[in-house]
Amino acid sequence: MNAPGNPSEKMRTRRRFDTIGKPRRRVDGRAKVTGLTKFADDVVLPRMVHCKLLRSPHPHAVIESIDFTKASAHPGVHLVLTGKDFPISYGILPVTQDEYPLANERVRYVGDPVAAVIARDEQTADEATRLIEVKYRLLNTVSSAEDALANPEPRIHDYGEQGNIHRLQAFEFGDVDEALMGSDHVFEDLFFFEGNTHLPLEQHASVAAPDGEGKLTLWSSTQVPHYIHRALARALRIPAAHIRVIACPNGGGFGGKCDLHNHEIVVSRASMILGRPVKICLTREEVFYMHRGRHPVLMKMKTGVTKDGKLTGMHLQTLLDGGGYGSYGVASTFYTGALQTVTYELPRYKFDACRTFTNKPPCGPKRGHGTPQPRFGQEVQLDKIAEKLGRDPAELRLGMVAKPDSLTANWLKIGTIGLEECIRLVVEHSDWNNKRATLPPGRGVGIACGSYLCGAGLPIYWNKMPQSGVQILADRSGQVTVFCGATEIGQGSDDMLAAFVAEVLGIDAFDVRLVTGDTALTPVDLGSYSSRVTVMMGHAAIQAAERLREMIVDAASHELECSPERLVMAQGRVFLSEDPSKGMTFAEAIVFAETKYGTLGTVGSYSPPRAPGRFKGAGVGPSPAYSYTAVVVEAEVDQNTGWVTVPKIWVAHDIGRAVNPVLARGQVEGSIYMGLGEALMEEQIFRRLPAKMSHALVHKFPSMLEYKSLTSLDMPEVFTYLVEDPDPNCPFGAKEVGQGPLLPVMPAVANAIYDAVGVRIDEIPITPDKVLRALELKAKGEAPRVGPDHFPQVPYPKPVYVKTPWEGGDGNETKPADRKQAVAS
Amino acid sequence: MMKNVHRTLQVNGEAQQVSFAPYKTLLEVLREDLNLTGTKHGCELGECGACAVLVDGQPLLACLELAVECEGRAIETVEGLANGSVLHPLQAAFADLGGAQCGYCTPGILMTAKALLEKEPEPSRERIREAISGNLCRCTGYQQIYESIEEAARRMKEAKVPA
Ligand code: FES
Ligand code: FES
């Protein structure tokens with residue numbers, strides 16, 4: 001049997017598999033094409049009533065009074081709730097419990113909910129919300145990160161670092177100033193990445209209902225039922241044992257359904273008061289205001305290189321616009337720096353970060369969580385470095401790829417790296433060498449790379465328990481049922497679970513019955529975020545399945561009078577390896593096992609290996625493994641309109657092993673799609689209403705028509721290559737694929753535009769107006785660049801100084817006194 | 001409370017008597033009054049295509065159509081696509097080839113694709129792109145959707161199944 005976290009060597013290195021690696025119809029595929037997949041809004045219960053939220057029209061205000069007498073009296077209204085009904089604050093991270101389900105005293109962005117009406121139908125509830133009279137006292141509004149730095153008062157929250165600064169972080173790994181001083185060239189660039197949102201096609205919905213015993217069940221479009229379960233118990237002050245959270249399959253998540261949402265708490269409470277089911281489904285406009293998406297980030301990146309193209313050190317500063325609440329922001333802030341060392345060899349690294357509060361919808365995690373912004377900066381800067389050094393940008397990158405089985409400057413442990421192979425593949429297939437700098441004017445190619453976590457090393461609340469648990473039951477009918485808290489958000493979580501169990505037990509994945517994402521029935525899995533499911537759930541599933549396999553093989557070997565080692569489980573049978581005709585069916589073997597052992601059930605669990613970093617803040621960044629991606633983009637720029645067309649993208653992804661290649665390719669192409677949307681058009685931006693209309697800070701275009709995203713007509717041809725070098729830390733060697741491939745897209749587009757027309761757009765999204773502006777500058781003989789032109793003064797603290805692994809570090813912080821010595825010696 | 005109207009709607013070849021508030025859209029009546037929740041919604045404003053159904057063979061956004069206007073017209077939803085328990089070739093191909101990831105856009109795209117294949121049994125990639133350009137999908141990047149539609153067309157030609 002395997003210790004947790006230690007996958008079976010035999011399993012990992014096996015050459016032939018029956019299920020793993022074979023293109024298959026996903027196990028939940030039929031329900032998806034017949035309309036039978038039950039999303040949260042498809043849950044319909046007898047006596048169900050409907051909830052609507054009244055939201056603040058002001059970005060920053062004190063609530064002086066709420067009068068809901070008329071709403072309560074409106075025919076068909078069952079209940080009106082306000083902030084007074086929710087005295088306990090909550091927040092997804094233990095350090096930022098700063099939200100209320102309905103605002104108590106203060107609203108912090110347009111869209112902050114202040115009251116809820118529960119009525120016989122949505123229409124009636126909606127009418128009644130309009131009858132609620134709220135008196136607000138308006139406060140000054142903070143509209144951007146710079147605004148937040150300049151205006152410490154009024155404070156949006158009374159916690160945080162100071163004024164409207166939510167969080168400051170600073171780390172230095174090795175003496176970076178010294179490294180920069182010793183470099184042949186130092187590049188300093190400013191970049192800006194505008195915020196954007198997940199735009200899942202499914203609007204968030206929740207249904208809460210008391211069961212016969214008065215206990216609460218919540219069906220919700222959530223990626224994290226376990227976190228919701230914990231937080232609901234706290235927010236509602238009822239025992240967790242009386243709460244059941246069921247994560248319905250999500251109609252897309254992308255990080256947008258990772259937070260505990262105010263409406264989830266509101267309908268839960270309402271259903272407990274009314275004793276009947278309560279449903280809410282957000283409108284698309286409300287989904288835009290719910291947000292929790294990509295942070296707008298301003299970046300300053302100072303990088304040293306040697307003349308032969310090696311990085312010497314980097315100093316990265318980031319400034320995040322966090323919106324009105326904490327959400328996952330503390331983690332997002334760490335992630336704007338933590339993974340900057342994983343792609344290329346970087347001997348010294350310094351990272352300062354600052355997250356501000358502003359009066360806009362809160363930002364949080366979106367696909368790539370905090371890392372696409374600095375990835376954009378670094379990959380565009382590398383393009384500039386290559387140009388200055390007269391090097392091919394692909395060659396330059398090949399010369400600096402991080403080393404496998406190494407530690408980074410900031411103490412992250414890297415396992416396998418397939419990046420060199422990825423670069424070679426996209427260079428070859430895109431015909432890079434014959435295209436770069438040689439295509440006709442207006443056409444160009446750009447390259448970029450990236451890397452991503454295969455699961456965050458630590459859970460969001462501190463504990464040493466497993467991060468994923470799987471339980472398997474098997475009975476004499478031959479049926480195998482697998483229970484796991486993991487959540488299907490479209491990525492194929494259920495299919496991975498079935499595939500791992502099926503492979504170990506030698507049965508068909510379609511024959512594995514699954515119960516997932518249900519806190520009443522399934523062992524805890526932390527949820528679908530940080531690309532953790534394949535690796536963490538996979539390990540737990542394999543462990544549980546191997547334990548079951550051991551019992552089955554043992555019982556069968558008695559019957560067959562052979563040693564268990566000689567038995568094979570495959571194709572629904574248990575048989576002698578040297579003579580497949582001698583054996584029995586899987587169901588027969590289960591009967592023998594159940595006879596011998598009694599009721600058959602096993603569990604498996606997984607905790608990631610302990611990370612080598614010991615300094616405070618070392619918890620963000622470690623992962624059991626890292627995936628790698630290289631992308632080449634071909635772009636065409638219309639020099640009269642600034643319009644950018646992308647006809648083709650080549651992408652190679654180091655996936656370790658593709659469990660189901662159909663799904664793996666879908667994840668890659670979906671990432672490319674979303675990345676290209678971010679590169680060219682998607683932006684979550686805000687405008688002020690005219691002064692006579694309250695001057696509120698509202699979403700510029702909270703509709704799917706106006707929030708531009710790629711349609712089928714905009715989508716380029718994508719050529720996908722999967723690099724399979726199984727990683728020993730991963731189940732069957734399989735790494736993540738859902739997020740990593742997005743990262744290089746934005747910078748590769750920017751670099752392709754430079755190759756096409758010689759202008760630098762150091763800002764995302766790259767809209768036609770920016771391209772035109774840069775082309776005009778170029779025509780005038782000025783620096784052909786559009787991007788941020790200054791970085792404000794940020795009171796970054798003195799960094800936590802940690803010696804690098806190759807300079808005698810032990811992973812702990814080095815105090816200033818020791819540090820002088822260290823530098824001197 | 002507005003009084004309900006009573007209507008007979010032809011849904012997936014069956015006459016359904018249904019009583020509903022007159023302001024309701026076809027989308028709402030299908031989902032809420034006929035319990036046909038296979039048809040999805042992403043905006044309820046005619047922007048995403050998730051609610052596409054066929055009315056008299058034409059793709060139509062159910063969120064923009066009043067149900068009272070649909071009396072006497074043949075309404076087809078994803079629930080009627082399979083032949084008994086045998087999947088329509090489009091459904092089978094989408095399930096096999098990754099055409100559905102989260103599956104939320106899928107019913108709308110399947111119905112739109114069905115209308116396309118009825119008119120053009122062997123559409124080019126370009127025609128497929130045009131036909132589904134009103135259906136947003138946030139998961140797939142569309143490529144496996146095109147491939148699924150092409151594969152369905154191929155299978156239908158081989159089996160001589162009419163769309
Ligand atoms: S729900 Fe009808 S088009 Fe979006
Ligand atoms: S499969 Fe999720 S929106 Fe298309």
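We name chains A, B, ... by the order of the sequence lines, and we start the count at 1 in each one. Every heavy atom of this structure was used, including side-chain atoms; hydrogens, water molecules and symmetry mates were not.
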Q: Against chain A, label Ala92(B) side chain, backbone, both or neither, depending on which of its atoms sit under 4.5 Å from a heavy atom there.
A: both
Q: Only counting residues at least two apart or in another chain, list the ones meeting ring pair (Phe, Tyr, Trp, His ring centres under 6.0 Å) with Phe288(A).
A: His699(A), Tyr707(A)
Q: Would you mind telling me which of Met674(A), Arg24(A), Glu285(A) has the largest number of heavy-atom pairs within less than 4.5 Å of chain B?
A: Met674(A)
**Q.** Glu147(B) portion near chain A, given a 4.5 angstrom heavy-atom threshold
**A.** side chain
Q.
Among Gly103(B), Pro107(B), Ala95(B), Gly38(B), which residue has the highest count of heavy-atom pairs closer than 4.5 Å to chain A?
A. Ala95(B)
Q: Answer yes or no: are there more than 12 heavy-atom neighbours, outside Phe510(A) itself, under 6.0 Å from its atom CZ?
A: no
Q) Side chain, backbone, both or neither: which part of Thr283(A) has a heavy atom under 4.5 Å from chain B? A) neither
(Q) Which heavy atom of Cys48(B) sits nearest to which heavy atom of Leu201(A), and what is that distance? (A) CB-CD1, 4.0 Å
Q. Going by an N to O cut-off under 4.0 Å, is there a salt bridge joining Asp41(A) and Lys40(B)?
A. no
**Q.** Structural part of Asp42(A) lying under 4.5 Å from a heavy atom of chain B
**A.** both
Q | Per-residue contact mode, Met704(A) against chain B (heavy atom under 4.5 angstrom) | A | both
**Q.** Backbone of Glu669(A) reached by a side-chain donor or acceptor of Gln143(B) within 3.5 Å
**A.** no
**Q.** Toward chain A: residues of residues 51-61 of chain B with heavy atoms under 4.5 Å
**A.** none
Q. What residue in Gln203(A), Gln491(A), Arg120(A), Met715(A) has the most heavy-atom pairs under 4.5 Å with chain B?
A. Gln203(A)
Q.
Show the nearest heavy-atom pair for residues Asp96(B) and Val662(A), with the distance to one decimal.
A. O-CG1, 3.9 Å
Q: Quick one: which of Leu199(A), Asp121(A), Thr34(A) has the most heavy-atom pairs under 4.5 Å with chain B, could you say?
A: Leu199(A)
Q: Go through Gln91(B), Glu32(B), Glu44(B) and name the one with the most non-hydrogen pairs under 4.5 angstrom from chain A.
A: Gln91(B)
Q | Best-contacting candidate, Ser712(A), Gly29(A), Gly35(A), Gly670(A), against chain B by heavy atom pairs under 4.5 angstrom | A | Ser712(A)
Q. Just by distance, do the side chain of Arg26(A) and the backbone of Gly98(B) share a donor-acceptor pair under 3.5 Å?
A. no
Donor-acceptor contacts under 3.5 Å from residues 9-18 of chain B side chains, at least two apart:
unit_1	atom_1	unit_2	atom_2	d
Asn12(B)	OD1	Thr77(B)	N	2.8
Asn12(B)	ND2	Thr77(B)	OG1	2.9
Gln17(B)	OE1	His6(B)	NE2	3.2

Q. Between Gln667(A) and chain B, which part of the residue has a heavy atom less than 4.5 Å away: side chain, backbone, both or neither?
A. both
**Q.** Donor-acceptor under 3.5 Å (Lys32(A) side chain, Gln101(B) main chain)
**A.** yes
(Q) Are Leu87(B) and Arg30(A) packed together at the side-chain level, in the sense that at least one heavy-atom pair is separated by less than 4.5 angstrom? (A) yes
Q. Who wins among Val287(A), Thr711(A), Leu663(A) for the most heavy-atom pairs under 4.5 Å with chain B?
A. Thr711(A)
Q.
So for Pro716(A), is it side chain, backbone, both, or neither that comes closer than 4.5 Å to the heavy atoms of chain B?
A. backbone
Q. Is any side-chain heavy atom of Glu47(B) closer than 4.5 Å to a side-chain heavy atom of Ser703(A)?
A. yes
Q. Is there side-chain contact between Pro200(A) and Tyr104(B), with at least one heavy-atom pair below 4.5 Å?
A. no
(Q) Quick check on the structure: residues of residues 119-139 of chain B within a heavy-atom distance below 4.5 Å of chain A, by number. (A) Arg129(B), Glu130(B), Ile132(B), Ser133(B), Leu136(B), Cys137(B), Arg138(B), Cys139(B)
(Q) I'd like to know if the side chain of Tyr142(B) and the backbone of Leu710(A) have a donor-acceptor N/O pair within less than 3.5 Å. (A) yes
Q.
Show the nearest heavy-atom pair for residues Val33(A) and Ala100(B), with the distance to one decimal.
A. CG1-CB, 4.4 Å
